[in-house]
Structures are given as C-alpha cells and as structure tokens.
> 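Got a structure for you, written out below as structure tokens; questions coming shortly.
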Amino acid sequence: MKRTILFPLLVLCLFAVSASWASEAVLRLIERSSYSPEDKVYLKEQVALIFADTQDAAQKLLLKKLREGLVKNVPPKDLIEALNRRKEALERARSLLEETGVPSGENILEDLVLSLELSVSPRILKEVLARVGGNPKVAGRFVDAVAALLEVGVPSERANEVLQRVLDRNLEAREIRTISRLLEQARKEGIEAKDVVRVLGEALGRYENFALVEVELENFIAANKPRPALRAGQGVVAPQPGVSGGSPVEEGGTPLEPQPSAVRPPTQEGGTPLE
C-alpha cells in the first residue's frame with residue numbers, strides 16, 4: 001500500500017523539479033536579454049503560460065525557439081506568436097506519431113515540427129509515417145531529409161508535390177529509405193536542393209520502375225557535384241611559344257642543341273666514303 005502511494009508522489013516531485021528548472025532557465029534567458037524592462041515583464045508572463053504544461057522534448061524545442069528569438073532581438077509580440085506556433089506544431093507532431101504508431105523520439109519530433117512550421121501538409125506527413133511506421137529509423141531519416149530540404153529553401157509547395165508523388169507510387173519502406181539516402185548524399189555533396197527535388201519529381205513521374213528513378217538521381221548527383229579547385233602549381237601547364245617536345249628551341253622552332261642522329265661514315269666530295 002505504501003509503495004502504491006509513494007510512487008505517484010515521487011513522480012509528481014520529479015515533475016515539479018523539472019518544471020521548476022525549466023521555468024528558471026527561461027526566466028534567466030529573458031532577464032539576460034537586451035529588451036526593455038517593460039518587454040521583459042511581458043515576455044516572462046506570456047512565456048510562463050506557454051511553458052506551463054510542457055515537459056522534456058517539448059520544453060527543449062520551445063526553449064530553442066525562445067533562445068533564437070532573444071538572440072535576434074525579435075519584437076516581443078512576434079516572438080510570442082512564433083512560440084505559440086511552435087507549441088501548436090509540437091502538439092500536432094505528437095498526434096501524428098501517436099496516430100501512426102511511430103515512437104516519439106527527440107529528433108523525429110523536431111523534424112516533424114520544422115516540417116509543419118514550414119507548411120508541409122499534415123495529411124501527407126501522416127501518410128508517409130503510416131507507410132513506414134513499422135520501421136522507425138526509416139521514418140526518422142525520411143522526415144529528416146524533408147526537413148533539411150525545407151531548411152535550405154525548397155518551397156513547401158514543391159516539397160508537398162514530391163511527397164505526394166512518393167505516396168501515389170505506393171513506394172515501400174525500402175524505396176523511401178533509398179530516396180532519403182540519395183537526398184542526404186546530394187546535401188553532403190553540396191548540390192542545390194531545389195535541383196535534386198526537381199530531378200526526383202520528374203523521375204518519379206517518368207518511370208514506373210523505381211530502379212530507373214534511383215539510377216537517374218545517382219547519375220545527376222555524380223554529374224553535378226562540385227569539382228575541387230586546383231591548388232597553385234597543379235593542373236595543365238600552358239605551352240610556351242616555339243616550344244616543342246620539351247627541348248629548348250630558338251625562334252621558329254629550331255632546336256638550340258644538336259639532336260641525336262644516325263651515325264654515318266665520313267665521305268669525300270662526291271659522296272664516296274673515305275677509307
């Protein structure tokens with residue numbers, strides 16, 4: 001009986017300590033900022049309400065957003081709006097994970113939140129998660145790849161279009177994993193994300209055989225990855241005027257030094273060999 005009572009009390013204590021630590025961290029961040037005293041009071045009141053019922057990963061993501069806004073000196077009202085949008089995206093992301101049975105990890109939660117904030121369709125995200133829900137690693141990698149594309153400026157409309165094509169093709173988890181791998185590879189190679197998305201979308205629409213989609217994307221990446229710049233002293237040496245065959249020459253191309261030739265016996269006038 002005592003254990004039954006003590007365990008809930010322990011959980012409540014731990015939660016209280018965690019919430020207290022989070023609120024103190026938030027207050028310290030706001031107090032150290034460059035806002036006016038009036039703005040700091042406003043921020044503390046509003047942020048306290050936003051953080052009131054959050055914990056763990058949600059707190060970290062909200063704290064990250066708050067820190068970004070404070071560093072950039074975002075106007076207080078705009079910062080509060082951004083925090084409210086993030087909280088809404090967090091709640092939607094958690095619902096998506098619960099509805100599709102994908103385990104909620106910190107990384108996939110953050111990637112989903114970013115995708116939702118950047119206007120990726122919740123319906124499309126849900127369908128993708130449901131399709132690869134049996135393999136959390138594949139789900140995580142794919143959502144991460146999508147979030148990375150959005151971060152580097154690929155329009156959300158274009159991302160939604162390509163995601164819809166992935167769904168229309170009824171691709172399996174293995175094929176979605178391949179797309180994630182190729183998107184990651186293109187990013188590491190420094191290839192423009194919008195070009196990769198364009199080629200992927202066109203290939204998905206052109207080929208029924210997914211292997212051909214994979215080959216086309218691989219060929220595009222290989223042909224477009226940046227070439228390393230030549231360092232001083234490397235590369236082709238431009239030929240000098242009049243130089244031929246690597247031997248010193250005078251103007252007009254005549255060798256300055258006699259070149260080896262076949263040895264002939266000395267002859268007298270008229271061509272008869274001397275004895």
Side-chain angles (χ1 to χ4, degrees), residues 11-100 102-126 128-129 139-140 142-160 163 193:
V11 171
L12 286 173
C13 288
L14 289 173
F15 177 78
V17 170
S18 175
S20 174
W21 175 86
S23 62
E24 288 178 8
V26 169
L27 292 176
R28 282 198 301 270
L29 280 175
I30 296 173
E31 195 58 45
R32 293 172 183 172
S33 68
S34 58
Y35 291 86
S36 68
E38 294 80 7
D39 286 341
K40 287 180 180 179
V41 171
Y42 168 78
L43 285 171
K44 287 176 183 179
E45 291 175 352
Q46 296 299 315
V47 168
L49 293 173
I50 294 171
F51 276 74
D53 56 347
T54 60
Q55 54 183 309
D56 302 333
Q59 282 184 353
K60 289 182 180 179
L61 290 174
L62 285 169
L63 199 59
K64 185 175 181 180
K65 192 71 173 178
L66 174 63
R67 187 179 288 110
E68 289 174 3
L70 293 175
V71 169
K72 295 177 181 177
N73 207 31
V74 174
K77 289 187 178 180
D78 293 343
L79 179 52
I80 295 303
E81 286 180 10
L83 286 170
N84 278 317
R85 284 195 300 271
R86 169 144 295 188
K87 189 173 183 180
E88 290 173 8
L90 272 163
E91 291 169 357
R92 186 69 184 116
R94 285 193 184 280
S95 295
L96 286 172
L97 293 171
E98 289 173 5
E99 292 167 11
T100 55
V102 176
S104 178
E106 188 173 329
N107 291 334
I108 192 171
L109 185 65
E110 182 171 5
D111 289 331
L112 278 173
V113 166
L114 178 60
S115 299
L116 290 166
E117 284 181 337
L118 295 173
S119 302
V120 173
S121 164
R123 176 189 61 80
I124 290 178
L125 287 172
K126 182 178 179 179
V128 171
L129 289 171
F142 188 75
V143 174
D144 177 64
V146 172
L149 292 174
L150 295 166
E151 276 190 305
V152 296
V154 173
S156 58
E157 301 83 20
R158 186 63 176 148
N160 280 320
L163 288 172

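Numbers here are sequence positions counted from 1.
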> Tell me the closest heavy-atom pair linking Leu90 and Leu61, and the distance in Å.
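Taking Leu90 first and Leu61 second, the nearest heavy atoms are CD2-CD1, 3.5 Å.
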> Kindly indicate, with the supporting measurements, whether the criterion side chain to side chain contact (heavy atoms under 4.5 Å, CB included) is fulfilled by Ile124 and Asn160.
CA-CA 7 Å; Ile124 290 178; Asn160 280 320; 3.9 Å; yes
> What pair of heavy atoms forms the shortest contact from Val143 to Leu112, and how long is it?
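Looks like CG1-N, 3.7 Å.
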> Checking side chain to side chain contact (heavy atoms under 4.5 Å, CB included) for the pair Leu70/Leu43: CA distance, chi angles, key distance, verdict?
CA-CA 10 Å; Leu70 293 175; Leu43 285 171; 4.3 Å; yes
> Do you know which of Ile80, Leu79, Leu66 makes side chain to side chain contact (heavy atoms under 4.5 Å, CB included) with Val74?
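Among the candidates, only Leu79 passes.
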> Please indicate whether Lys44 has more than 12 foreign heavy atoms, meaning atoms of other residues, nucleotides or ligands, lying under 6.0 Å from its NZ.
yes
> What distance separates Leu118 CG from Leu150 CG, expressed to the nearest 0.5 Å?
5.0 Å
> Measuring from Leu62:CG to Arg86:CZ, what's the distance to the nearest 0.5 Å?
7.5 Å
> Distance check, rounded to the nearest 0.5 Å: Glu110 atom CD versus Ser115 atom OG?
10.5 Å
> Rounded to the nearest 0.5 Å, what separates atom CZ in Arg85 from atom CD in Glu81?
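The distance works out to 6.0 Å.
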> Over all heavy atoms of both residues, which pair between Ala89 and Leu116 is shortest? Give the atoms and the distance, please.
O-CD1, 3.6 Å
> If we ignore hydrogens and angles and just use 3.5 Å, is the side chain of Lys40 paired with the main-chain N or O of Glu31 as donor and acceptor?
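Side chain of Lys40 to backbone of Glu31: a pair is present.
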> Which heavy atom of Leu97 sits nearest to which heavy atom of Pro103, and what is that distance?
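Closest approach of Leu97 to Pro103, heavy atoms only: CD2-O, 4.3 Å.
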> Picking from Arg94, Arg92, Glu98, what satisfies side chain to side chain contact (heavy atoms under 4.5 Å, CB included) with Leu96?
Arg92
> Hey, does the side chain of Tyr35 reach the backbone of Pro75 with a donor-acceptor pair shorter than 3.5 angstrom?
no
> How about Asn107 and Asp144: do any of their side-chain heavy atoms sit closer than 4.5 Å?
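Of all side-chain heavy-atom pairs linking Asp144 with Asn107, none is under 4.5 Å.
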> Walk me through whether Leu163 and Phe142 qualify under side chain to side chain contact (heavy atoms under 4.5 Å, CB included).
CA-CA 10 Å; Leu163 288 172; Phe142 188 75; 3.3 Å; yes
> Given Val146 and Val128, is the side chain to side chain contact (heavy atoms under 4.5 Å, CB included) satisfied, shown in steps?
CA-CA 11 Å; Val146 172; Val128 171; over 6 Å; no
> Side chain of Lys87, backbone of Ile50: donor and acceptor closer than 3.5 Å?
yes
> Between Asn73 and Ser34, which heavy-atom pair has the shortest distance, and what is it?
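Heavy atoms of Asn73 and Ser34 come nearest at OD1-OG, 3.5 Å.
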> Taking Glu106 for the side chain and Ala57 for the main chain, is one N or O donor matched with an acceptor at less than 3.5 Å?
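Here the side-chain-to-backbone pair does not exist.
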> Just how far is it from atom CG of Leu83 to atom CG of Leu49, taken to the nearest 0.5 Å?
12.0 Å
> Tell me the closest heavy-atom pair linking Asp111 and Gly140, and the distance in Å.
OD2-O, 4.3 Å
